[in-house]
Amino acid sequence: LMRICGRFTTVLMPTKGWPIPNPNRSMSDLTLIKLKDYERGARREFIISVAQKLFSEKDFRSVTAREIARAGGMSPGTIYRYYKNLDDLFVDIFLNHAKEIQSLMELEIQERNGCSVTRFCEVYITYLNENMTFYQMMGYFMLSGDLSPDTSEKIDPIMRELMDHLEIILKNSNNTTDSRFASHALFSALNGTMISYSRYPGRSLDEIKQHTLRLACLIGSRFEASP
């Protein structure tokens with residue numbers, strides 16, 4: 001307790017996500033700050049969801065802030081209140097999905113006491129089929145080669161971390177090939193499968209999913225315990 005202006009008041013200890021309490025600041029002020037932080041996060045998530053849909057329909061570079069604003073019923077200024085440019089928005093979307101994939105890999109490793117290469121291939125291809133927006137954006141990232149240096153610096157660490165997880169899976173499978181090189185080869189093979197068949201003409205989405213999944217399992221089996 002602290003004595004302030006002749007009255008006793010409780011000083012709250014800092015907790016995660018809260019600013020360090022000021023004895024002169026009321027609980028209503030702190031609650032308002034928390035609500036504003038929540039609102040800011042919710043607005044960012046809304047912008048991400050709207051932009052993600054547009055990015056799946058047309059090339060990332062051709063989407064404008066005005067189009068995103070119109071689709072989300074907001075002003076372009078609202079977007080720039082949260083993002084410096086569209087590259088920053090792209091990074092947010094890409095990183096969110098990449099973290100989801102990492103979480104799936106970690107879950108597989110924990111629940112199965114180790115994740116086989118084939119199982120990883122199944123999980124990864126299934127995720128891409130169920131999140132085509134992310135797959136298309138990743139394709140842009142891999143093929144365009146013209147992201148800003150700042151954007152590339154933000155994306156590179158998460159991609160390295162993904163390769164680290166894949167390298168562990170390959171090592172656990174007794175793959176004797178250089179594990180880093182093999183992880184790059186496996187990642188390229190799986191993404192190449194999606195590039196080749198994700199929009200194959202004359203096939204339903206379900207047929208494409210089943211076909212790419214079979215190919216992924218075949219690829220995975222070739223990387224397990226390879227000589």
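Keep in mind the model is a prediction, meaning the values are calculated, not measured.
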Please report the shortest heavy-atom distance between Leu54 and Ala71, naming the atom on each side.
CD1-CB, 4.2 Å
Shortest non-hydrogen pair, Ile169 vs Cys115, comes out as CG2-O, 3.2 Å
Do [X] and [Y] come close enough that some side-chain heavy atom pair is under 4.5 Å?
X	Y	result
Ile48	Arg43	no
Val50	Phe46	yes
Leu215	Ile125	no
Glu224	Ser116	yes
Met105	Val123	no
Phe94	Lys154	no
Leu89	Ile68	yes

Listed pairs under 3.5 Å, donor-acceptor, residues 194-201 side chains, sequence neighbours left out:
unit_1: Ser196; atom_1: OG; unit_2: Gly192; atom_2: O; d: 2.9
unit_1: Ser198; atom_1: OG; unit_2: Met194; atom_2: O; d: 2.8

In terms of relative ring orientation, are Phe187 and Tyr124 parallel, tilted or perpendicular, with 30° and 60° separating the classes?
tilted
Cluster question for you: counting only ILVMFWY and a side-chain heavy-atom cut-off of under 4.5 Å, with indirect links fine, are [X] and [Y] together?
X	Y	answer
Ile168	Met159	no
Met163	Leu170	yes
Leu190	Leu213	no
Ile208	Ile219	no
Ile93	Tyr82	yes

For the pair Arg203 and His211, evaluate side-chain contact (heavy atoms from CB on, under 4.5 Å) and give the outcome as yes or no after the intermediate values.
CA-CA 10 Å; Arg203 295 291 185 271; His211 186 62; over 6 Å; no
side-chain contact (heavy atoms from CB on, under 4.5 Å) between Glu45 and Asn96, intermediate numbers included
CA-CA 10 Å; Glu45 287 301 318; Asn96 282 352; 4.2 Å; yes
Rounded to the nearest 0.5 Å, what separation is found between the [atom1] atom of [X] and the [atom2] atom of [Y]?
X	Y	atom1	atom2	answer
His184	Leu186	NE2	CG	11.0 Å
Ile155	Glu153	CD1	CD	11.0 Å
Leu104	Thr126	CG	OG1	10.0 Å
Arg180	Arg160	CZ	CZ	7.0 Å
Asn129	Asp206	CG	CG	9.5 Å
His97	Ile158	NE2	CD1	12.5 Å

Report, one line per pair, each donor and acceptor closer than 3.5 Å where one atom sits in a side chain of residues 72-80; sequence neighbours left out.
unit_1: Ser75; atom_1: OG; unit_2: Thr78; atom_2: N; d: 3.3
unit_1: Ser75; atom_1: OG; unit_2: Thr78; atom_2: OG1; d: 3.1

Could you tell me whether Arg119 and Glu122 have a side-chain N and a carboxylate O separated by less than 4.0 Å?
yes
Verify the distance criterion only: is there a donor paired with an acceptor across the side chains of Ser179 and Glu167 at less than 3.5 Å?
yes
How about Arg66: does its CZ atom have over 12 heavy atoms from other parts shown lying under 6.0 Å from it?
no
